[in-house]
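See below for the structure under consideration.
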2 protein chains.
Amino acid sequence: MNSAYDVYEDKCPTRQMLERLADKWTLLILDRLESGPIRFNRLRRDIKGISQKVLSQTLKKLERDGLISRRVFATVPVTVEYDLTPLGRTLTETVRSLAHWAEHHMDAILASQSAYDAAVL
Amino acid sequence: MNSAYDVYEDKCPTRQMLERLADKWTLLILDRLESGPIRFNRLRRDIKGISQKVLSQTLKKLERDGLISRRVFATVPVTVEYDLTPLGRTLTETVRSLAHWAEHHMDAILASQSAYDAAVL
DNA sequence: CTCCTTAGTATCTATTGGAAACCATGTAAC
DNA sequence: GTTACATGGTTTCCAATAGATACTAAGGAG
């Protein structure tokens, strides 16, 4: 294994990559892509609250990093399909558990927040 | 399981929580805490590039969410120790794999980026 | 002719992230 | 005694980013 890479180092390229992954939209997109190829607007509707600009930017970066693929179909109107690459698939388990961890522990988190806020008063 | 929570929903509290987790500093902090309690400045030195302000803010939020604990020792100068809570420990496996995924796939990512950039020209 | 769809881009503003300076306290060195 | 450094922060400021909104082009439906 290449020990030249270390996420704790400031200028290591892995830092940039971690920054890309450590993004709520990136995680939701990768999680949503797990079940197969999806079109742009379908993604936009499924991931409630994401803007077109941010979705477009995020997809472009993920494509550049080789995590997702982009296929254009000459339909009318044009259709664009996004899918996970094999490299992207190596992340699905991790992404899934991170993206859904909150759903399973939200009650405990909310309780902790209430207790913390009460103590601060 | 509480099906009222859904990270794909815009106003679901899990979204806020995902946003907290999906942060490079949060991930690095949680990963660093895995091996036991650590003081503030030790964290700051280990996680290269983090500012005091951001470290302080992030730790405070994680404490409020119940993922880490904060203990103050009346030494001179004062010592503050941060540690994972049992709730925080439920995340360690996931955090570790996400934080270190880049280290194991960086070569493939860099190759993909080069190919992408060459194609755009 | 108008509205809807597709997948984006362009523009503008509000929020945030990060760099640096500052704070109080006490100990050790000069 | 006073300068320097350690602790764990907070405050201030500016640049970069995130998000909301409007716009593009090309065609189908009503």
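Throughout, a chain's letter reflects where its sequence line sits, starting with A, and its residues are numbered from 1.
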Fill in: Reference residue B/L30; test side-chain contact (heavy atoms from CB on, under 4.5 Å); the match among B/V95, B/L98, B/D23
B/V95
Practice prompt. Indicate, with yes or no, if B/Y82 and B/V78 share a hydrophobic cluster defined by side-chain heavy-atom contacts under 4.5 Å among Ile, Leu, Val, Met, Phe, Trp and Tyr.
Written response: yes
Item to complete: Grab the CD-P distance between A/E63 and C/dA7 for me, whole Å please.
Response: 15 Å
Practice prompt. Would you indicate what B/R44 reaches in the nucleic acid, counting non-hydrogen atoms under 4.0 angstrom: base, sugar-phosphate, or nothing?
Written response: nothing
Discussion item. Restricting to non-hydrogen atoms, name the atom on B/E103 and the atom on A/V7 that form the minimum distance, rounded to 0.1 Å.
Written reply: OE2-N, 2.8 Å
Worksheet item: Can you check whether A/T79 has a side-chain N or O nearer than 4.0 Å to OP1 or OP2 of C/dA7?
Response: no
Can you tabulate the close N/O pairs, meaning under 3.5 Å, that link protein atoms to atoms of nucleotides 15-19 of chain C?
from: C/dG18; atom 1: OP1; to: B/K24; atom 2: NZ; distance (Å): 3.4
from: C/dG18; atom 1: OP1; to: B/W25; atom 2: NE1; distance (Å): 3.3
from: C/dG18; atom 1: OP2; to: B/W25; atom 2: NE1; distance (Å): 2.8
from: C/dG18; atom 1: N7; to: B/K53; atom 2: NZ; distance (Å): 3.0
from: C/dG18; atom 1: O6; to: B/K53; atom 2: NZ; distance (Å): 2.2

Worksheet item: Over how many whole Å does the gap from A/R39 atom CZ to C/dT5 atom P extend?
Response: 11 Å
Worksheet item: Which part of the nucleic acid, if any, lies within contact of A/F73, taking any heavy atom under 4.0 Å across all strands shown: a base, the sugar-phosphate backbone alone, or nothing?
Response: nothing
Discussion item. So, OP1 or OP2 of C/dA7: does either fall under 4.0 Å of a side-chain N or O from A/K60?
Written reply: no
Worksheet, complete the sentence: So OG1 of B/T14 and NZ of A/K24: to nearest 0.5 Å the spacing works out to 11.5 Å
Worksheet item: So what does B/R45 hit on the nucleic acid, given a heavy-atom distance under 4.0 Å: a base, only sugar-phosphate, or nothing?
Response: sugar-phosphate
Worksheet entry | Within one Ile-Leu-Val-Met-Phe-Trp-Tyr cluster: B/W101 and B/L110, side-chain cutoff 4.5 Å | yes
Discussion item. For a quick check of understanding: with a heavy-atom distance under 4.0 Å over all strands, which category does B/R70 fall into, base, sugar-phosphate or nothing?
Written reply: sugar-phosphate
Worksheet item: Mapping B/R42 and A/P77 onto DNA chain D by nearest heavy atom, which one lands closer to the 5' end?
Response: B/R42
Discussion item. Taking A/L55 as the starting point, is it possible to reach A/V72 by hopping between hydrophobic residues whose side chains are less than 4.5 Å apart?
Written reply: yes
Worksheet item: Going 5' to 3' on DNA chain D, which nucleotide is the first and which the last to come under 4.0 Å of a heavy atom in chain A?
Response: D/dA18 to D/dG27
Worksheet item: So does B/R42 have more than 12 non-hydrogen atoms from other groups sitting under 6.0 Å from CZ?
Response: no
Worksheet item: Going from CZ on B/R32 to CD1 on B/I50, what distance comes out if it is rounded to the nearest 0.5 angstrom?
Response: 12.5 Å
Worksheet item: Can you tell me how far CG of A/L87 sits from NE2 of B/H105, rounded to the nearest 0.5 angstrom?
Response: 6.5 Å
